[in-house]
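Working notes for the structure below.
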Number of protein chains: 2
Amino acid sequence: MSATDPTPVVPRAGQDAEGAALRRAPARVTSRDVARAAGVSQNTVSLVLKGSTRISAATQARVHAVMERLGYEPNAMAAALRSRTTRALLFVAPRAAVHSHVTAELVAGATDEAAEHDYCIVVRPVGPHGTEAVELYRRQFVSGAVVLPASVDDPAVGALVGAGCPTVVMLTTSAACPGHRTVVADDAGGAVQAVSHLLSRGHRRLGLVAPRGLVEGTISASRIRGAQQAALQGGAQLEEAWVDDWGVRDGSAGGARLLQRQGRPTGIFAISDALALGVLAAAGAAGLRVPGDVAVVGFDNREWSQYWNPPLTTVEFPLRSVGRAAVRRLLCPEEPPEWERVPARLIVRGSS
Amino acid sequence: MSATDPTPVVPRAGQDAEGAALRRAPARVTSRDVARAAGVSQNTVSLVLKGSTRISAATQARVHAVMERLGYEPNAMAAALRSRTTRALLFVAPRAAVHSHVTAELVAGATDEAAEHDYCIVVRPVGPHGTEAVELYRRQFVSGAVVLPASVDDPAVGALVGAGCPTVVMLTTSAACPGHRTVVADDAGGAVQAVSHLLSRGHRRLGLVAPRGLVEGTISASRIRGAQQAALQGGAQLEEAWVDDWGVRDGSAGGARLLQRQGRPTGIFAISDALALGVLAAAGAAGLRVPGDVAVVGFDNREWSQYWNPPLTTVEFPLRSVGRAAVRRLLCPEEPPEWERVPARLIVRGSS
DNA sequence: CTGAAAGCGCTAACAG
DNA sequence: CTGTTAGCGCTTTCAG
């Protein structure tokens, strides 16, 4: 890069015959080039770039014009190195969940919010130890993290917080681990709406289908608590069918158990749409009509639940908003609550 | 802020006062600290770190021990600045598609493959112009990109390639734009399997449900071509029902059209599971049994298609593998084909 | 309101 | 096999 080069704009073609992974980027226009061309100092360019008000309008305009002309783009790495802060955030999710719709919706929300603040999101699947997560923070590649924990005591959260990484946990109330914030959906409130809806339809014998092994702080616990509370307040009985897992087959098993006895419930709340689909199948198998003989309400509002027969009444799980809120919490730490609960709303369709 | 703000050079011009910014990271142990403590030069530390064979085993061990003791973690930003290359790859997807299962599966595959090479994935949703994508490359934050294009002529691909960014396009054959590689699923082959399967079941009057407006290079075109070719070779007639879109309702409309006439097809291939679900509904509405009166085959193998009544025979859309392959192509450019086609396989279930 | 100087922590060239 | 030297491009600090 000779100082006499008359056309610093043209990036030199980097030649490499190396067997390495990706070729190195060609040299680019730097802030010094801009400074020289605009007849100001590099410092001024830097200030103009971040819109400092302490630069005269005339200088700003001139520098902007030069930037445009030279096609200047600031080098994020150099900025990060010097300022010790990156405009990148980590999204941590258990490897097994990366392809799930939950992660997809959270990532969609997170990337949208991040983009509005000119940040970007680095997705990092982690194994059971969760140790991979903290590496990118310690390497200073990201300056904060939002985490979808594998469980309430996911070690990734502790590792991140322990390393000093600003962290926001999503969807579950992680074990008392000070130093991070939490954004959850209002699972309990959603469940209350679901059960209240059944009550308002006149149902007094209710059924609940949910996975067994209730752990406080989880999505499932909140939904179960909400349902129990609403039933109690409504003076209705709530018969619980505990099942093994969240799958459709589990829902069928639970539904069958509830429906095959005397005094069977006339309204069933399954704490996920997949479980509810199983309940629908069980009702069909038992020769019961929905909602005539038994009403069914799910939770999640999965994209396909509207296409079932009948279309499923369900509660929307506001994942996109949770993802957005988590990033917002991270970037605007001064905003009030340490704890945010995103409302969930009932969607009434044919199954009730 | 505004997407129409015509100042590509200057990010966040003028409004940085509120500056959502995270606190700077604390100072950390540097390679110089390690060097001093180990009594070697900084250069040696660097070489040890990347496992150079030109360092004596004794020195390696000593340096490693010191690194461990001091809790050294290399600063990725400094490395990137100096070496002009980042261990981060961009995943570009249309904003509207970021939450879709397609993106989720591709991202899952991409992150897995990337992690194996010690790279990470930055997810970037882009608007219709696709210009946001290239920014992260020009800022040297990423050193390559995999793209899920919004259409065959997505401008993001051209922008990336034009900026010199190593690029791999996924799922669609982007318009002739040299300088990038492509990884697609074998949509045509999958469709051939679907139709051959119907033929092997003895069906000779076949129906096809697909969105109209066939554009070469798209997923839908490949599936349609495959189906047509297989029907032709099998000596069967293929009646085409063109519909407006990919939705369940479109499938119902197409299915109804095929099924309500004389000489109706006895086997229908819908080029997506959502369309196939619609066909199933149409068959039910027409009082036809599946597969007794009409067999139905879909494409995609969405997670819920196994739970329909009857469970759907379909072709697996190997998205995870496509995501993996795209990243592999990017990181191992010397590997043979410019063009990779990931096989798709038929999954026979109850609907046929 | 602007400039000069000094590094951030690392890797790359070249010596030995 | 290892050390020395010289920056990568930016932001910061301190002077004016």
Spacing of Asp33(B) atom CG relative to dC10(C) atom C1', expressed in whole Å
13 Å
Any Ser56(A) side-chain N or O less than 4.0 Å from OP1/OP2 of dT2(C)
yes
Write down the protein N/O and nucleotide N/O pairs, taken from nucleotides 12-16 of chain D, whose separation is under 3.5 Å; answer none if there are no such pairs.
residue : atom : partner  : partner atom : Å
dT13(D) : O4   : Asn43(A) : ND2          : 3.4

Rounded to the Å, how far apart are Leu81(A) CG and dA6(C) P?
18 Å
Residue list, side chain to side chain contact (heavy atoms under 4.5 Å, CB included) with Ser46(A), at least two apart or on another chain
Lys50(A)
Between C1' of dC8(C) and CG of Asn75(A), the distance in whole Å
13 Å
Contacts satisfying salt bridge (charged side-chain N to carboxylate O under 4.0 Å, His left out) that involve residues 124-135 of chain A (not counting sequence neighbours) are Glu135(A)-Arg139(A)
Need the bend value for the helix from dC1(C)-dG16(D) to dG16(C)-dC1(D): angle between end axes, 5 pairs each end, nearest 10°.
30°
Contacts of Ala65(B) meeting side chain to side chain contact (heavy atoms under 4.5 Å, CB included) (sequence neighbours excluded), chain-then-number -> none
Show the atom names and distances, to 0.1 Å, of all donor-acceptor pairs under 3.5 Å that link a side chain in residues 161-171 of chain A to residues at least two apart or in another chain.
residue   : atom : partner   : partner atom : Å
Thr167(A) : OG1  : Cys165(A) : O            : 2.6

Taking side chain to side chain donor-acceptor pair (under 3.5 Å) as the test, write out the residues that go with Gln42(B), two or more places apart.
Ser31(B)
Residues that Ala110(B) engages under side chain to side chain contact (heavy atoms under 4.5 Å, CB included), provided they are two or more places apart
Phe91(B), Ile121(B), Val327(B)
Is there a side-chain contact between Ser41(A) and the phosphate of dT2(C), meaning an N or O under 4.0 Å from OP1 or OP2?
no
Identify whether any heavy atom of Val40(A) sits under 4.0 Å from a base atom; if not, whether one sits that close to sugar-phosphate; answer base, sugar-phosphate or nothing.
sugar-phosphate
Which residue lies more 5' along DNA chain C, comparing Thr30(B) with Gly39(A) via nearest heavy atoms:
Gly39(A)
Whole angstrom is fine here: how far is it from CZ in Arg36(A) over to P in dG3(C)?
14 Å
Please report the distance, rounded to the nearest Å, between CZ in Arg84(B) and P in dA6(D).
20 Å
Atom-to-atom span, CE of Met77(B) to P of dG9(C) - whole angstrom
13 Å
Sequence neighbours excluded, the answer for salt bridge (Lys or Arg N to Asp or Glu O under 4.0 Å) partners of Arg32(A) is none
Which whole-number value in Å describes the distance from Glu73(B) CD to dC10(C) P?
10 Å
Does any part of the side chain of Asp112(A), heavy atoms only, come nearer than 4.5 Å to the side chain of Arg324(A), both counted from C-beta?
yes
Verify whether one side chain among Glu113(A) and His117(A) offers a donor that lies under 3.5 Å from an acceptor in the other.
yes
On DNA chain D, does the nearest nucleotide to Ala78(B) precede the nearest nucleotide to Gln60(B) from the 5' side, or the other way round? Give the residue.
Gln60(B)
Separation of Arg28(B) atom CZ from dG9(C) atom P, in whole Å?
10 Å
